[in-house]
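Everything on this sheet refers to the single structure shown next.
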Amino acid sequence: MEKATQDLAGKVAVITGGGGVLCSTMAHALAAHGARIAVLDLKAEAAEAVAEAIRRQGGQAIGLAANVLQKESLQAAHEQITKELGPCDILINGAGGNHPKGTTSKNFLFPEDLNNQQEELKTFFDMDPEGIKFVFDLNFIGTLLPTQVFARDMVGKEGATIINISSMNAFRPLTKIPAYSGAKAAISNFTQWLAVHFSKAGIRVNALAPGFFLTEQNRTLLTTSDGQLTERGNTIISHTPMGRFGTPDDLTGTLLWLCGSGSRFVTGVVVPIDGGFSAFSGV
Ligand code: NAD
C-alpha cells in the first residue's frame, strides 16, 4: 500500500505569500513531510522568519523577498532557489488578499444612500477603479506570473503540482467585497483552465477554497476588541454548519493530499474547506 504523503520527501516546494498566516502553516506542513521549502514573500523578514522556524525544527528552508507582481523579482528568486534547493516540484500560489478601496461600506444600496453626504459611506458608485485593479492584480496576476516563472521547470517532472488559493467568495460573492470575490472567481476559473492546459505536460493544478479563517486581515471585520463576534462574524458562524471559524491547520490534510500521489488522478478541482458553509442554504 502506497503511503500518500511520504512521496513529498526531497521535493522542492515554492510558496508565495509564505510569510502570511495560512501559507506559513502550509510551509511547515510540507516541511514536516520532508519537502524542501522556499518561502517567498513581499516582506523579506516574514519569509525569513518562517524559513528560520522550519530550520530550527530540523527542516530545510530558505526565505526570500519576492513580489508576485514583478516578473524580474520572481526570476531572481527562481535563480536562487534553483541554485540552493533545485528545480521546483510544488508551487503554492498563496499571496493574495483584499483592499479597502475594493470594498463597499454597506451590504445593500438604499435609494437614500445616494444623497448621503457622510464621508465614511462608500457605495458602489464611489468605488475606486485603482483599488479594484489592485485586488485583481494581486490575486490573479500574482498567481499567473509565479506560474510562468516556476512551472517551466515542472514540465514532464514526476509529481509536479500547483496549488492555487481561491476562496468561498468564488462560489457565491460575499457582500461588500466585489473585487476580491471577482478576483477569486478568476482564480477558480484559471485553476480549471490551467489544469486542462498542463494535462499533457504532467502538471496537476488544483485549488483550495478556504472558508472563514480568523487572520490579521479580517480580525477587526469579524470580532470586536473584546473578542466578541461582530454582526458579520455572527452571520458567518450562523451559516457555517460546523459552527466555528477555520484554523490554519484545517487546510493541512487537503494540502498534503493534493500535493501527494494519493490525488494523482485529480486535477482542476477547487476544494472548499469551509465547515459546510458552501453546502448550507441558510435554512
Ligand atoms: P496573510 O495576509 O496572512 O498572508 C498573505 C501574505 O502575502 C502576506 O505575508 C503578504 O506579505 C504577502 N504578499 C502580499 N502581497 C504580496 C506580493 N505582491 N508579493 C508577494 N507576497 C505578497 O493572508 P492569509 O489570510 O494567510 O491569506 C493567504 C491566502 O489565502 C490569500 O490568497 C487569501 O486571499 C486566501 N484566503 C484567506 C482566507 C482567510 O479567511 N484568511 C480565506 C480564503 C482565502
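Counting starts at 1 for both ligands and their atoms, in listed order.
For the pair P210 and ligand 1, the shortest N or O to N or O distance does not fall below 3.5 Å. At a 3.5 angstrom cut-off on N or O pairs, G20 counts as close to ligand 1. Ligand 1 has no nitrogen or oxygen under 3.5 angstrom from a nitrogen or oxygen of F212. The N/O atoms of V68, backbone and side chain alike, include one that comes under 3.5 Å of an N/O atom in ligand 1. The distance criterion of under 3.5 Å between nitrogen or oxygen atoms is not met by L69 with respect to ligand 1.
Put simply, the side chain of D126 gets close to the backbone of T123: a donor and an acceptor are under 3.5 Å apart.
No part of N98 comes within 4.0 Å of ligand 1, judged by heavy-atom distances.
The aromatic rings of F150 and H78 sit perpendicular, their planes meeting at an angle over 60°, well past the 30° parallel limit.
With hydrogens and angles left out, the side-chain atoms of N107 and T175 include a donor and acceptor closer than 3.5 Å. At a cut-off of 3.5 Å, with distance as the only test, a side-chain donor of N164 or T191 sits close to an acceptor on the other residue. If you check the side chains of N206 and S263, you find no donor sitting under 3.5 Å from an acceptor.
Contact between S24 and ligand 1 is absent, with no heavy atom of the residue lying under 4.0 Å from the ligand. Put simply, part of G211 is less than 4.0 Å from ligand 1, judged by heavy atoms. Remark: distances from the non-hydrogen atoms of A46 to ligand 1 are all 4.0 Å or more. Using a 4.0 angstrom heavy-atom cutoff, T16 does not count as in contact with ligand 1. Using a 4.0 Å heavy-atom cutoff, K184 is listed among the residues neighbouring ligand 1. Ligand 1 lies out of reach of F245, whose nearest heavy atom is not under 4.0 Å from it.
Salt-bridge check for D250 with R244: passed, with a basic side-chain N closer than 4.0 Å to an acidic carboxylate O. Under the 4.0 Å criterion applied to side-chain N and carboxylate O atoms, E52 and R55 are assigned as salt-bridge partners.
Every atom of ligand 1 with a heavy atom of G97 under 4.0 Å away is listed here by number and element: 34 (O). Listed by atom number, the atoms of ligand 1 under 4.0 Å from G19 heavy atoms are 9 (O). Close contacts between ligand 1 and A66 involve ligand atoms 19 (N), 20 (C) [criterion: under 4.0 Å to a heavy atom]. Close approach of ligand 1 to L138 (heavy-atom distance below 4.0 Å) involves ligand atoms 15 (N), 16 (C), 18 (N).
The nearest non-hydrogen atom to atom 25 (O) of ligand 1, considering only T215, N67, T143, comes from T215. Closest to atom 29 (C) of ligand 1 by heavy atom, among G96, G94, G142, is G94.
Side-chain contact between I162 and I92: absent, with no pair of heavy atoms (C-beta onward) separated by less than 4.5 Å.
Nearest protein heavy-atom contact of atom 34 (O) of ligand 1 is Y180 OH, 2.5 Å.
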